[in-house]
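Positions are given from 1 along the sequence. Numbering of ligands and ligand atoms starts at 1, following listing order.
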Amino acid sequence: MISKRRRLLSDASLDAGCLSGLPNGILTHVANYLDAPSRLFFAAALATHQNTTASDERNTAIVGNEWSTLDFGDIEEHLAIKLSDGDISAVLTCIDAVNRLKTLKLTNCINIIGVGLEPLRGSTIIEQIDLSLVEKYQSPWLSPKPPISCELVLPILDSIIEREGCSLRHVQFPSVWSERGERVQFEQFIGRYNEMISRGGIINCAKCNTRLPEYVSWIDNSGIDRIQNYTCYECLKYYCEFCTDDNDRCMLRYCSLCERKLCLGCQNYEECIGCGIYTCVGCTDFTDCSGSGCDADICEDCIASGEYSEKCWKCERYFCHENCVLSNRCDSCKKNCCDDCEEEYEYDWPYCTDCGDRFCDDCNEKKGTDAIQICDGCDTSCCGDCRVSICKEEESNEKCGGCFQLAGPLLLKENKKVQKENTEVKAENKTLKDQIGGLKDYNNFLKEQLRWAQVKEQSRK
Ligand SMILES: [Zn+2]
Ligand SMILES: [Zn+2]
Ligand SMILES: [Zn+2]
Ligand SMILES: [Zn+2]
Ligand SMILES: [Zn+2]
Ligand SMILES: [Zn+2]
Ligand SMILES: [Zn+2]
Ligand SMILES: [Zn+2]
């Protein structure tokens, strides 16, 4: 049913021209089959095609008069992306936004330049305008950069904040305006905006009821991100900077991923025990540490990098490094095993008491003579290398037969290696001797030549 309705919406934008002549009753009836945002576009399209001011009566019949909030995130993303300034303007006109709309969120309208906001000019009703163009839990740093224009939007916002009885209390600006940097126009507007809120009268903290200082910096003009302070993006309540909840967490928190400030009543936050990032639950996936009694959370990035957590190879649960380091780690294949699995599956990975290496059963089996083994004679648990060292070091009267038996193949191997090295040295010696012999022969040959030359010389004289 939904998909059928949605199809109607896109068709409505294209073909409303031929419908606009139909009686209001029929159009209203058709509109009943559409969901709320689609009705809006249907009415807007009819108004556009009629080329006259749409009848208010018919508009109200089609769109209803419940439009105190308009979030373009409520329509499908692929449609919102296509919306032009003309579409936005038609919709705002259609719902009589200047007199009704309290909250406007231009979610996903990434292709507008901003003139479409013209119908809001001078509104004393509007309370919140979100120009970030992104949905909840999304980074506002869009790529490619959206064309929304500071020069075109600010005069409309000015027309709102200069009105007596202005209701505006929260604006989320497009990141791209801050990024373009030293825009005098933007900075000057922020100055006027800060003044407007301060001028509005006494503002008290929603939690402690203390009056907020008269000239606080609602939006920090020197900051990079120009996020509104002391105000929750969701409930628009004001909070002082000192109020905390029962767990000593600041009431109003800033999420560094979606770059919004929301109060603890509106948004759950989590902090990563590894990298310390503090974000909305929703902006990143947090994994709970499975260590018993540990309530640490690990962020997506830290899980991926493995830097601050480790995974049990058997149950695949994650454990934080901060409180719950796993002690059962194979030094060969690097896999970890949690205490629970060690107990449940009776993993008792061998351990070399000399060098401290521990191998999982699989790795130890593959290691053959290098494996960690227990000596029946002296009850020591050692890896091959350590066993050989012990056998070499021990005084002859303390030698353990068991250790020698275990180290035997390795000692033999070492012996063979030494023998092989000896043979190689001998062969090298022989080659050198041969070379010296050859040089001697050559020397004799030269001497002979010289003697012959002298004899010839003398006989010629
Ligand atoms: Zn307070
Ligand atoms: Zn809130
Ligand atoms: Zn967030
Ligand atoms: Zn992290
Ligand atoms: Zn486990
Ligand atoms: Zn933990
Ligand atoms: Zn292993
Ligand atoms: Zn060892």
Side-chain angles (χ1 to χ4, degrees), residues 71 73 105 107-108 128 130 132-142 170 172-175 223-229 231-236 239 249-330 333-349 358 360-362:
D71 180 356
K105 296 182 180 179
T107 314
N108 295 327
Q128 181 178 32
D130 181 356
S132 70
L133 312 180
V134 290
E135 268 171 60
K136 214 174 175 181
Y137 306 136
Q138 280 187 358
S139 162
W141 298 96
L142 290 162
H170 191 274
Q172 188 88 12
F173 293 103
S175 294
I224 318 167
D225 40 18
R226 296 198 171 86
I227 305 299
Q228 185 161 337
N229 297 311
T231 319
C232 170
Y233 170 87
E234 199 73 47
C235 63
L236 302 186
Y239 290 96
R249 299 176 305 170
C250 233
M251 274 311 289
L252 195 65
R253 296 303 305 242
Y254 170 72
C255 168
S256 54
L257 290 180
C258 65
E259 302 192 0
R260 286 177 170 133
K261 277 193 174 173
L262 283 95
C263 76
L264 292 177
C266 292
Q267 180 61 51
N268 284 325
Y269 289 89
E270 269 172 9
E271 185 172 5
C272 172
I273 187 114
C275 64
I277 197 175
Y278 191 95
T279 74
C280 315
V281 174
C283 277
T284 177
D285 265 338
F286 284 97
T287 303
D288 298 331
C289 170
S290 297
S292 71
C294 179
D295 58 1
D297 301 299
I298 311 155
C299 81
E300 234 173 313
D301 286 351
C302 287
I303 288 285
S305 71
E307 213 175 319
Y308 298 106
S309 65
E310 48 207 2
K311 185 176 160 185
C312 167
W313 74 281
K314 187 70 188 169
C315 63
E316 302 197 328
R317 291 182 304 164
Y318 287 90
F319 296 83
C320 74
H321 276 183
E322 190 73 17
N323 315 318
C324 316
V325 182
L326 300 181
S327 54
N328 312 307
R329 177 182 168 88
C330 171
C333 68
K334 311 295 180 206
K335 75 183 179 190
N336 295 290
C337 178
C338 74
D339 293 346
D340 292 346
C341 290
E342 191 186 22
E343 207 178 302
E344 188 173 347
Y345 301 99
E346 294 180 356
Y347 290 126
D348 193 7
W349 291 352
R358 186 187 288 270
C360 69
D361 294 333
D362 286 348

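The Zn ion (ligand 5) lies at the vertex of an angle of 120° between the SG atom of Cys312 and the SG atom of Cys338 (rounded to 10°). To the nearest 10 degrees, the Zn ion (ligand 4) sees SG of Cys299 and SG of Cys272 at an angle of 110°. Geometry about the Zn ion (ligand 3) gives an angle of 110° between SG of Cys258 and SG of Cys280, rounded in steps of 10 degrees. Taking the Zn ion (ligand 4) as the apex, the angle formed with SG of Cys275 and SG of Cys302 is 110°, to the nearest 10 degrees.
Taking the charged nitrogens against the carboxylate oxygens, Glu234 and Lys136 do have a contact shorter than 4.0 Å, which makes a salt bridge.
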Steps toward side chain to side chain contact (heavy atoms under 4.5 Å, CB included) verdict (Ile227, Tyr254): CA-CA 9 Å; Ile227 305 299; Tyr254 170 72; 3.9 Å; yes
Working for side chain to side chain donor-acceptor pair (under 3.5 Å), residues Thr284 and Glu300: CA-CA 6 Å; Thr284 177; Glu300 234 173 313; 3.0 Å; yes
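Under the 30°/60° scheme for interplanar angles, the aromatic rings of His170 and Tyr233 are found to stand perpendicular.
Taking 2.8 Å as the criterion, Cys337 does not count as a coordinating residue of the Zn ion (ligand 5), since none of its N, O or S atoms falls below it.
Atom CG of Asp288 is separated from atom SG of Cys320 by 11.0 Å, given to the nearest 0.5 angstrom.
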